[in-house]
K.L.:
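Pasting a structure here, questions to come.
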Amino acid sequence: MDVATHKTVSLLYQTFYMKKKILLILSFTVVILVLAIDVNSTGAYSSSPPVSHAGAPLDNSAKTCATTGCHTGTALTATTGVISHNIPGSGFVGGTIYNFSVTMSGSSAYGFELTPQSPTSNAALGTWIAGVGTAVSTKYIRQSAKGTGAAKTWAFQWTAPTTATAVTFYGAFNYANNNGNSSGDIIKTCSLTVIANTTGLREDNSANITLSLFPNPTSETLRITSSAILEKGDVYTLDGKCVKTVSEQELLTKTISVSDLAEGLYFIRVFVEGNSKVMKFRKN
């Protein structure tokens, strides 16, 4: 074989080898992509589900994962008993950390998303603290890896807000068949409402501070009787929406105008010597 022929054969061999190598790389990439798609479309997300899919009424149009192209199965249904907490019957105290858990059973794989909001606003109320197997993204807490088996429980915590008088926890829960795709999965929703502790001062202290309201009900002004100096005050609806911030002049005179409020029940929260107290009144 002369030199020219040898070079030609060598070039052809190198070209063939490179094309084969590229083909193998492409084939391997396709396999990886197929596996990745399969993992992400399992009966319950192998990682956290997309945010804003907890079914809250004013959040993303109450969207859940029970939608075309996501998890398809039976019609969306309501459930109870999946959310547990240790908030006492007297209500939560702002700034206090409470234990929460989500327990699901009756399927092969599980996932969830939970958010603390109110029926009239999609603003976050309080903050989440992630536990084992959970992840927090803004106002949502979700599983960080899908649960499997006869039952699954996730434990985490929630820090109560200092301004809301009521919080509703909205959740969407995926009961999946774990068949490797999104068909046949069941999405259920659940909501749970807790109220703030309105029985007296929220912080423990030995000071004898007494506050009272009059007249109650009222149509124009609300007076606060107290020998202490009022430091701050806000008025809230029963679902925790702040509708009025008490002005410095009103704090000084302890006379609060409520004439611009709609008729109904409200809470007023005032701060005295670093402590806060919540009282209820009716606007006629």
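This is a predicted model, so every value here is computed, not measured. The figures that follow rest on heavy atoms only: side chains count, while hydrogens, waters and symmetry mates do not.
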K.L.:
Could you tell me if the side chain of His85 sits less than 4.5 Å from the side chain of Leu192, heavy atoms only?
P.N.:
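They are in contact (side-chain heavy atoms under 4.5 Å apart), so the answer is yes.
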K.L.:
Is the gap between the ring centers of Phe100 and Trp128 under 6.0 Å?
P.N.:
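For Phe100 and Trp128, the ring centres are under 6.0 Å apart.
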K.L.:
On the ring face of Tyr175, is Lys188 found with NZ or CZ under 6.0 Å from the centre and within 45° of the axis?
P.N.:
yes
K.L.:
Going by heavy atoms in the side chains, are Asp234 and Ile268 under 4.5 Å from each other?
P.N.:
no
K.L.:
Do Val246 and Val243 land in one hydrophobic cluster if side-chain heavy atoms of ILVMFWY residues count as linked below 4.5 Å?
P.N.:
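Same cluster: Val246 reaches Val243 through Ile, Leu, Val, Met, Phe, Trp or Tyr contacts under 4.5 Å.
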K.L.:
Closest approach of Ile83 and Cys190, non-hydrogen atoms and distance?
P.N.:
CD1-SG, 4.1 Å
K.L.:
Hey, could you give me the CG/OG1 distance between Leu125 and Thr162, rounded to the nearest 0.5 Å?
P.N.:
10.5 Å
K.L.:
If you count heavy atoms of other groups shown closer than 6.0 angstrom to CD1 of Ile229, is the number above 12?
P.N.:
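At most 12 heavy atoms, drawn from other residues, nucleotides or ligands, come within 6.0 Å of this atom.
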K.L.:
Group every Ile, Leu, Val, Met, Phe, Trp and Tyr by side-chain heavy-atom contacts under 4.5 Å, then state whether Phe112 and Ile129 land in the same group.
P.N.:
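Unlinked, Phe112 and Ile129 end up in two clusters.
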K.L.:
Are any of the side-chain heavy atoms of Tyr170 and Gln117 separated by less than 4.5 Å?
P.N.:
yes
K.L.:
Would a distance-only check, ignoring hydrogens and angles, find a side-chain to backbone donor-acceptor pair under 3.5 Å from Ser118 to Ser121?
P.N.:
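Flag set: sc Ser118 to bb Ser121 pair under 3.5 Å.
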K.L.:
Mind checking the CD-CG spacing from Glu220 to Leu261? Nearest 0.5 Å is all I need.
P.N.:
10.5 Å
K.L.:
Can any side-chain N or O of Ser219 pair as donor or acceptor with the backbone N or O of Asn284 at less than 3.5 Å?
P.N.:
no
K.L.:
How long is the span from the CH2 atom in Trp154 to the CG atom in Leu114, to the nearest 0.5 Å?
P.N.:
11.5 Å
K.L.:
What distance separates Asn99 CG from Asn86 CG, expressed to the nearest 0.5 Å?
P.N.:
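If I round to the nearest 0.5 Å, the distance is 4.5 Å.
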K.L.:
Kindly compute the distance separating CG (Leu230) from CD1 (Ile224), expressed to the nearest 0.5 Å.
P.N.:
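Result: 5.0 Å between the selected atoms.
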K.L.:
Hey, could you give me the NE2/CG distance between His53 and Asn174, rounded to the nearest 0.5 Å?
P.N.:
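Going from NE2 on His53 over to CG on Asn174, the span is 12.0 Å.
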